[in-house]
Amino acid sequence: QQMQQQQMQQQQLMQQQRNQPQMGQQPQMGQQFGQQGGQMQMGQQMGQQMGQQMGQAGGLPGASSYSVSTRGNDAGEVVIRTLVGEYVEQGANHGRKVYQKVVDKPGADFVEVFLYYWDSRDGPNFEGWWFGNKLGGTQVWSHCQDQSMTVPDAGWKIPWDGTVRSTLVVAPKGSQGQLP
């Protein structure tokens, strides 16, 4: 029943997007984008709708948790500190699992971080895996243009529209590729 509601909401959302005028619109990933300080700003309405649509991940491939680390001298950078940590499965979006960063003790600089996949419905530039503050949220820090069913271990751009940061490593928790 929940799956049917999600599918119905997704169909309604797609219908709304089709009915919007196309002339003079800015590039979209379900909503307007603008770059500010290396972060992507997205419209609130779509982010809220997509957050409500996050479904169950039963039967999808991929580990139940991932570890994000750095193998470079960039551990002090704010974006790297934001991304590094353990992520646990929290549902699904666009046919892939969604993960949320685990935080032991939220401090003054606490920010929620999600790792999720966005499909090609808004064009090839927006397809791939993302680190953001929420599913379809207002800020993203990193993007990997990879269509795999599981989280890619490398190829992450920081900022999201910058160059690939080879020092960032994403590995299934407990795997051989995980760094201490």
Is there a side-chain contact between [X] and [Y] in this structure, where contact means two heavy atoms from C-beta onward sitting under 4.5 Å apart?
X	Y	result
W141	V79	yes
V98	Y117	no
S120	F126	no
S65	E86	yes
V169	V68	no

How far does [atom1] of [X] sit from [atom2] of [Y], to the nearest 0.5 angstrom?
X	Y	atom1	atom2	answer
E77	I158	CD	CD1	7.5 Å
N125	D161	CG	CG	10.5 Å
D146	W156	CG	CH2	8.0 Å
S69	L83	OG	CG	11.5 Å
N93	L135	CG	CG	4.0 Å
T150	K97	OG1	NZ	9.5 Å

Legend entry - For the student: nearest non-hydrogen atoms of V170 and P152, plus distance: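 Taking V170 first and P152 second, the nearest heavy atoms are CB-O, 3.6 Å.
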
Legend entry - Residue pair W160 / H143: nearest heavy atoms and the distance that separates them: O-CB, 3.6 Å

Inset, instruction - May I ask you to say whether D74 pairs ionically with R165, meaning some side-chain N is under 4.0 Å from a carboxylate O? - result: yes

Legend entry - Carboxylate-amine/guanidinium proximity below 4.0 Å for E112 and K134: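 Between K134 and E112 there is no salt bridge, as every charged N stays at least 4.0 Å from the carboxylate O atoms.
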
Please check this pair: side chain of [X] against backbone of [Y], looking for a donor-acceptor N/O pair closer than 3.5 Å.
X	Y	result
R96	V151	no
R81	G76	yes
K101	V88	no
N133	V113	no
S142	K157	yes

Legend entry - Parallel, tilted or perpendicular: ring planes of W118 versus H94, cut at 30 and 60 degrees: tilted

Inset, instruction - Using the test ring pair (Phe, Tyr, Trp, His ring centres under 6.0 Å), find all partners of Y66 that sit at least two apart in sequence or belong to another chain. - result: Y99

Inset, instruction - Please find out if less than 6.0 Å separates the ring center of Y87 from that of Y116. - result: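 Aromatic pair excluded; centres sit 6.0 Å or further apart.
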
Inset, instruction - Group every Ile, Leu, Val, Met, Phe, Trp and Tyr by side-chain heavy-atom contacts under 4.5 Å, then state whether V84 and L115 land in the same group. - result: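 Same hydrophobic cluster.
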
